Amino acid sequence: MVRMKFLIVDDSNFAQIVMSNLLEEIFMDVDITMANNGMEGFEKYKETKPDYVFIDLLMPRLNGMELIKMIKEYDKSAKIFVVTADVQKSIREEIEVLDIKAFINKPFNEEKAKCVFDIIKDDMDEQ
């Protein structure tokens, strides 16, 4: 697999570290950039042009839904995973309309990292 770039946008440092470690374990060769809120996430998206973005919904300054809309406006082909503790059905439906790769409930764990791997592998097979 080609070296990929990931961006993790989450206001929890613990969540960033857990996700980063699991993704590095499964993908082996990845560059991971982290952002602590939506505004920083958008700047880092433009800076690093990641292959995949992992976004928490509940964040200060700019929430995940607003960030997804900004990224999609900037880059329609952006590949986004939502990783959140917010499991309200209405929120999930609102997000899925924004053409995301998957909606993943926290906590992010090895099983969920493997699901991400399968989704990305399918993506690459289609290209």
Side-chain angles (χ1 to χ4, degrees):
M1 241 188 222
V2 155
R3 185 174 186 87
M4 282 189 286
K5 292 190 285 187
F6 292 159
L7 170 62
I8 297 172
V9 187
D10 196 313
D11 59 323
S12 161
N13 285 357
F14 178 73
Q16 288 178 358
I17 290 165
V18 167
M19 200 178 307
S20 174
N21 289 342
L22 286 165
L23 292 170
E24 284 175 342
E25 208 174 281
I26 287 195
F27 286 93
M28 310 289 192
D29 200 18
V30 289
D31 285 328
I32 296 180
T33 302
M34 301 199 213
N36 298 309
N37 62 58
M39 287 307 292
E40 185 184 347
F42 187 60
E43 291 309 312
K44 289 197 174 180
Y45 184 88
K46 292 189 294 186
E47 233 173 77
T48 63
K49 310 239 184 322
D51 298 301
Y52 291 89
V53 190
F54 298 83
I55 299 176
D56 182 24
L57 291 181
L58 306 171
M59 292 184 293
R61 293 194 65 209
L62 181 72
N63 71 38
M65 186 160 331
E66 291 164 335
L67 174 59
I68 292 167
K69 289 175 181 171
M70 283 175 72
I71 288 174
K72 286 291 190 175
E73 208 170 281
Y74 176 79
D75 177 5
K76 285 184 184 12
S77 67
K79 296 176 179 144
I80 298 170
F81 288 90
V82 171
V83 184
T84 186
D86 189 338
V87 292
Q88 298 172 58
K89 189 171 188 260
S90 61
I91 297 292
R92 188 181 183 128
E93 288 168 355
E94 212 174 316
I95 294 284
E96 286 174 344
V97 170
L98 299 174
D99 186 32
I100 60 165
K101 287 281 155 198
F103 193 101
I104 300 166
N105 294 332
K106 283 183 174 179
F108 194 77
N109 57 27
E110 199 171 323
E111 180 189 331
K112 292 170 185 169
K114 285 179 180 157
C115 289
V116 165
F117 179 83
D118 291 340
I119 291 168
I120 291 174
K121 188 177 175 306
D122 288 348
D123 252 14
M124 296 183 89
D125 290 345
E126 287 172 20
Q127 290 175 3

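Quantities reported herein were computed from a predicted structural model and do not represent experimental measurements.
Considering Leu67, Val82, Asp10 in turn, Val82 is the only one that fulfils the side-chain contact (heavy atoms from CB on, under 4.5 Å) rule with Leu57.
With hydrophobic clusters built from ILVMFWY side chains whose heavy atoms lie under 4.5 angstrom apart, Ile80 does not share a cluster with Phe108. Cluster annotation: Ile32 is not connected to Val53 through the hydrophobic network of ILVMFWY side chains, with a link wherever side-chain heavy atoms come within less than 4.5 Å. Taking hydrophobic clusters as Ile, Leu, Val, Met, Phe, Trp and Tyr residues chained together by side-chain heavy-atom distances below 4.5 Å, Met59 shares a cluster with Met70. Hydrophobic clustering keeps Met28 apart from Met4 (ILVMFWY residues linked when any side-chain heavy atoms are closer than 4.5 Å, directly or through intermediates). Cluster membership check: Val9 does not share its hydrophobic cluster with Met34, using side-chain heavy-atom separations under 4.5 Å among Ile, Leu, Val, Met, Phe, Trp and Tyr.
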*Take Glu93 and Lys89, measure what salt bridge (Lys or Arg N to Asp or Glu O under 4.0 Å) needs, and give me the verdict at the end.*
CA-CA 6 Å; Glu93 288 168 355; Lys89 189 171 188 260; 2.9 Å; yes
*Going through the checks in order, is the side-chain contact (heavy atoms from CB on, under 4.5 Å) test met by Asp123 and Tyr52?*
CA-CA 11 Å; Asp123 252 14; Tyr52 291 89; 2.7 Å; yes
*With side-chain contact (heavy atoms from CB on, under 4.5 Å) as the test, would you mind laying out the steps for Val116 and Ile26 before giving the verdict?*
CA-CA 9 Å; Val116 165; Ile26 287 195; over 6 Å; no
*asked:* Under the criterion side-chain contact (heavy atoms from CB on, under 4.5 Å), I'd like the reasoning laid out for Leu7 against Thr33: C-alpha separation, chi angles, the key distance, then a yes or no.
replied: CA-CA 5 Å; Leu7 170 62; Thr33 302; 4.0 Å; yes
*Would Asp51 and Ile120 count as a side-chain contact (heavy atoms from CB on, under 4.5 Å) if you check the C-alpha gap in whole Å, the side-chain angles of each, and the deciding distance to 0.1 Å?*
CA-CA 10 Å; Asp51 298 301; Ile120 291 174; over 6 Å; no
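In this structure, the separation between OG1 on Thr84 and CG on Leu58 is 4.5 Å, given to the nearest 0.5 Å. Taking OG of Ser77 as the reference point, atom NZ of Lys72 lies at 7.5 Å (rounded to 0.5 Å). Annotation: the span from Thr48 atom OG1 to Glu43 atom CD amounts to 11.0 Å, rounded to 0.5 Å. To the nearest 0.5 Å, atom CG of residue Asn13 and atom OG of residue Ser20 are 11.5 Å apart. Here the CD1-CD1 distance, from Ile95 to Ile100, works out to 6.5 Å after rounding to the nearest 0.5 Å.
When all heavy atoms are compared, the tightest approach of Lys44 to Ala35 is CD-CB, 4.2 Å. In this structure, Lys106 and Lys112 approach most closely via the heavy-atom pair C-NZ, 4.1 Å. Taking each heavy atom of Gly64 and Ile55 in turn, the nearest pair found is CA-CG2, 3.7 Å. When all heavy atoms of Asp56 and Ala85 are compared, the pair lying nearest together is OD1-N, 4.5 Å.
No donor-acceptor distance shorter than 3.5 angstrom exists from the side chain of Asp11 to the backbone of Asn37, with no hydrogens or angles considered. Judged by distance alone, the side chain of Lys49 and the main-chain N or O of Lys46 form a donor-acceptor pair under 3.5 Å. At distances below 3.5 Å, at least one donor-acceptor pair connects side-chain atoms of Glu66 with backbone N or O atoms of Asn63.
Classified by interplanar angle (parallel below 30°, tilted 30° to 60°, perpendicular above 60°), the ring pair Phe54/Phe81 is parallel.
For residues 56-79, the set of pairs meeting the ring pair (Phe, Tyr, Trp, His ring centres under 6.0 Å) definition, not counting sequence neighbours, comprises Phe42-Tyr74.
Taking the charged nitrogens against the carboxylate oxygens, Lys121 and Asp125 do have a contact shorter than 4.0 Å, which makes a salt bridge. A salt bridge links Glu110 with Lys114: the closest approach of a Lys/Arg side-chain nitrogen to an acidic carboxylate oxygen falls below 4.0 angstrom. Between Lys76 and Asp99 there is no salt bridge, since no side-chain N of the basic residue sits under 4.0 Å from a carboxylate O of the acidic one.
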